[in-house]
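Predicted model only: the values in this text are computed from it and were never measured. Worth knowing before you read on, the calculation uses all heavy atoms, side chains too, and leaves out hydrogens, waters and symmetry mates.
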Amino acid sequence: MNVKKDISAPSIVDVAKMADVSLGTVSRIMNGQKSVRPELRLKVFKVAHALGFVPRTQVRRVGVVVGRRNLSMPVGYTYSLTSLLSNQAYLHHLPIDIIDENNLEQALDCRISAVIGVVFNDSFLELNHVPHLPIVSLNHPLVEKGVHSIYTNHFEQGVMSTRHLLDYGHRKIAFIGGMKEEWGGKQRLLGYEKAMNDAGIAVRPEWVFHADGGNVFDALRNWLSEGVTGLLNFNEDGVAETLHILSNVLCRRIGADISVISIEDVPLYQYFTPPQTVIVQPLEEMARLAFDFVEKQIRRKPRETKDSDVLDTCLAAKLVPRGSVGAPPVR
């Protein structure tokens, strides 16, 4: 059977000509050889993407750019979402490459046809300028900067969790967040402040702690000495550490001496004593929507223009009540 050659498809010759390099150089780069200078490899990858060139022998892949992985605590948000993305890749028949955010150059490999970002800063933005490379950011909305974004309403997470503690009668409520300058942490803090202000309770700055702000043990000890009875445990990578300090170091009964709401419904947390009341983000839905989106983008012809509208999808979270929240102790 004769197969008609698509003469309109860009070839390796076109890439070499536009990049002003030899065919051998392009071939070595496409085969993953490291003998080519990084700046030249970057140039060729950008040209290949601009032309819509895809090596015929290669299967199109999705790059998943991941940031802030805590190797000592591989059960938190980043690992959970990465695992869910891997499952969606299998269901969509799209192989993936996990790429560290410090090695964004790997996402420019022309075998990468789309990129999903599990990142917490704006470093991901430089990929938005690569021609014909659709990218989507998860839980770090960059819509205003032209990046497709799928995320949950972090502000509402702060509001609903604080109100849950207030409904139980707590008035001295402290807040633990992730990195101070991250979008999600700032949104949850705003939600906490909103709920406290609506209840007529002044927010005390010393009752707000961020993961990059010092020693969590010192913060917890000080809060307990000042009569704090409710805690929003919203540092994804430090949830278990906080619970350990409260229970085993400071010897407080969670749900009795102090009530705690944690972030993410990691299966481990429901087996704690007591099981943790948690804020649940729809991470599985987020992963599915991301792959539905990139699959649609990949199916387009390389030279078709991008959508004029930037994807802006905001999902709701929910609170799952368990035994870690009760009425404040009688003083």
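Atom CD of residue Glu156 and atom NZ of residue Lys194 lie 10.5 Å apart, to the nearest 0.5 angstrom. Asn128 contributes atom CG, which lies 10.5 Å from atom OG of Ser137 (distance to the nearest 0.5 angstrom). Taking CZ of Arg253 as the start and CG of Leu246 as the end, the distance is 13.5 Å to the nearest 0.5 Å. In this structure, Gln297 CD and Leu133 CG are separated by 10.5 Å, a value rounded to the nearest 0.5 Å. The distance from atom CZ of Arg171 to atom CE of Met196, rounded to the nearest 0.5 Å, is 8.5 Å. Here the CZ atom belonging to Arg204 is positioned 5.0 Å from the CD atom belonging to Glu226, to the nearest 0.5 angstrom.
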Query raised in the report: salt bridge (charged side-chain N to carboxylate O under 4.0 Å, His left out) between Asp109 and Arg61: does it pass, once the steps are laid out?
Result: CA-CA 10 Å; Asp109 188 318; Arg61 308 178 69 84; over 6 Å; no
Query raised in the report: Given the rule in the salt bridge (charged side-chain N to carboxylate O under 4.0 Å, His left out) test, do Arg163 and Asp198 qualify, once you have shown the distances and angles that lead to the verdict?
Result: CA-CA 10 Å; Arg163 286 178 177 170; Asp198 286 350; 3.5 Å; yes
Report task. Begin with the C-alpha distance, continue with both residues' side-chain angles, and end with the deciding distance and a verdict on side chain to side chain contact (heavy atoms under 4.5 Å, CB included) for Ile279 and Phe234. Result -> CA-CA 9 Å; Ile279 289 291; Phe234 284 175; 4.1 Å; yes
**Report entry** salt bridge (charged side-chain N to carboxylate O under 4.0 Å, His left out) between Lys318 and Glu285, intermediate numbers included
**Finding:** CA-CA 13 Å; Lys318 65 179 181 179; Glu285 175 71 359; over 6 Å; no
Requested in this report: Quick one: do Ser259 and His170 satisfy side chain to side chain contact (heavy atoms under 4.5 Å, CB included)? Show the steps, please.
Outcome: CA-CA 9 Å; Ser259 290; His170 295 275; 3.2 Å; yes
Query raised in the report: When you look at Leu189 and Tyr192, which way does the side chain to side chain contact (heavy atoms under 4.5 Å, CB included) test go after all the steps?
Result: CA-CA 5 Å; Leu189 178 58; Tyr192 157 74; 3.7 Å; yes
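Cluster annotation: Ile263 is not connected to Met179 through the hydrophobic network of ILVMFWY side chains, with a link wherever side-chain heavy atoms come within less than 4.5 Å. Hydrophobic clustering keeps Tyr151 apart from Val118 (ILVMFWY residues linked when any side-chain heavy atoms are closer than 4.5 Å, directly or through intermediates). When hydrophobic clusters are built by joining Ile, Leu, Val, Met, Phe, Trp and Tyr residues whose side-chain heavy atoms come closer than 4.5 Å, directly or via intermediates, Leu319 is grouped together with Val239. Following chains of ILVMFWY side-chain contacts shorter than 4.5 Å, one cannot reach Val159 starting from Ile201, and the two form parts of different hydrophobic clusters. By the criterion of side-chain heavy atoms lying less than 4.5 angstrom apart, applied directly or through intervening Ile, Leu, Val, Met, Phe, Trp or Tyr residues, Phe217 is grouped together with Phe175 in one hydrophobic cluster.
Shown here for Pro10 and Leu51, the closest heavy-atom pair between the two residues is CG-O, 3.2 Å. The minimum heavy-atom distance between Thr78 and Thr82, with the atom names listed, is O-OG1, 2.7 Å. The nearest pair of heavy atoms linking Ala89 to Ile96 is CB-CG2, 3.3 Å. Val143 approaches Leu311 most closely through the heavy-atom pair CG2-O, 3.8 Å. Of all heavy-atom pairs spanning Phe120 and Gly67, the tightest one is CE1-O, 3.5 Å.
Counting only heavy atoms from C-beta outward, the side chains of Gln281 and Asn139 approach each other to under 4.5 Å. Side-chain atoms of Trp207 and Ile173, non-hydrogen and from C-beta on, never get closer than 4.5 Å to each other. Residues Leu91 and Arg288 are not in side-chain contact: their nearest non-hydrogen atoms beyond the backbone lie 4.5 Å or more apart. A heavy-atom distance below 4.5 Å is found between the side chains of Leu85 and Leu138. Val130 is not listed as a side-chain neighbour of Ile135, based on a closest heavy-atom distance of 4.5 Å or more. The shortest side-chain heavy-atom distance between Thr229 and Pro329 falls under the 4.5 Å cut-off. With a 4.5 Å cut-off on side-chain heavy atoms, Arg221 and Asp218 count as touching. No side-chain heavy atom of Val294 sits less than 4.5 Å from a side-chain heavy atom of Val115.
Panel note: side chain Arg41, backbone Val36; a donor-acceptor pair is recorded below 3.5 Å. Between the side chain of Ser149 and the main chain of Leu142, a donor-acceptor pair closer than 3.5 Å is present. With Ser161 contributing its side chain and Gly158 its backbone, the two residues share a donor-acceptor pair below 3.5 Å. In this structure a side-chain-to-backbone donor-acceptor pair under 3.5 Å is missing from Trp223 to Val208. His140 places no side-chain N or O within 3.5 Å of a backbone atom of Gly184 that could act as its donor or acceptor partner. When atom types are taken as modelled, the side chain of Ser83 and the backbone of Tyr79 share no donor-acceptor pair closer than 3.5 angstrom. Using a distance-only test at 3.5 Å, with no hydrogens or angles considered, no donor-acceptor pair links the side chain of Lys180 to the main chain of Gly213. Under a 3.5 Å cut-off, the side chain of His132 and the backbone N or O of Ala50 do form a donor-acceptor pair. A distance-only check finds a donor-acceptor pair linking the side chain of Ser324 to the backbone of Thr277 [under 3.5 Å]. The closest donor-acceptor contact from the side chain of His49 to the backbone of Leu108 lies under 3.5 Å.
Asn121 pairs in a side chain to side chain donor-acceptor pair (under 3.5 Å) with only one of the listed residues (Glu181, Glu182, Glu101), which is Glu101. The residue from Leu231, Leu232, Val260 that alone fulfils the side-chain contact (heavy atoms from CB on, under 4.5 Å) condition with Ile176 is Leu231.
Donor-acceptor pairing under 3.5 Å is lacking for the side chains of Asn235 and Glu241. Residues Thr152 and Gln157 bring a donor and an acceptor atom of their side chains to less than 3.5 Å of each other. Defined by atom type and a distance below 3.5 Å, a donor-acceptor pair is missing between the side-chain atoms of Asn233 and Gln276. Asp14 and Ser11 share a side-chain donor-acceptor pair at under 3.5 Å. For the residue pair Tyr77/Asp237, the side-chain donor-acceptor check at 3.5 Å is not satisfied.
The number of heavy atoms from other shown groups lying within 6.0 Å of NZ (Lys186) is above 12. Other residues, nucleotides and ligands place no more than 12 heavy atoms under 6.0 Å from the CG atom of Asp20. Counting non-hydrogen atoms of neighbouring residues, nucleotides and ligands closer than 6.0 angstrom, the CD atom of Glu144 reaches no more than 12 such neighbours. Within a 6.0 Å radius of CD in Gln106, other residues, nucleotides and ligands contribute more than 12 heavy atoms. By the 6.0 Å contact criterion, CE on Met18 is open, its count of non-hydrogen atoms from other residues, nucleotides or ligands being 12 or less.
Taking the six-membered ring where the residue is Trp, Phe291 and His92 present tilted rings, their angle falling between 30° and 60°.
For His164 and Tyr168, the distance between ring centers is under 6.0 angstrom.
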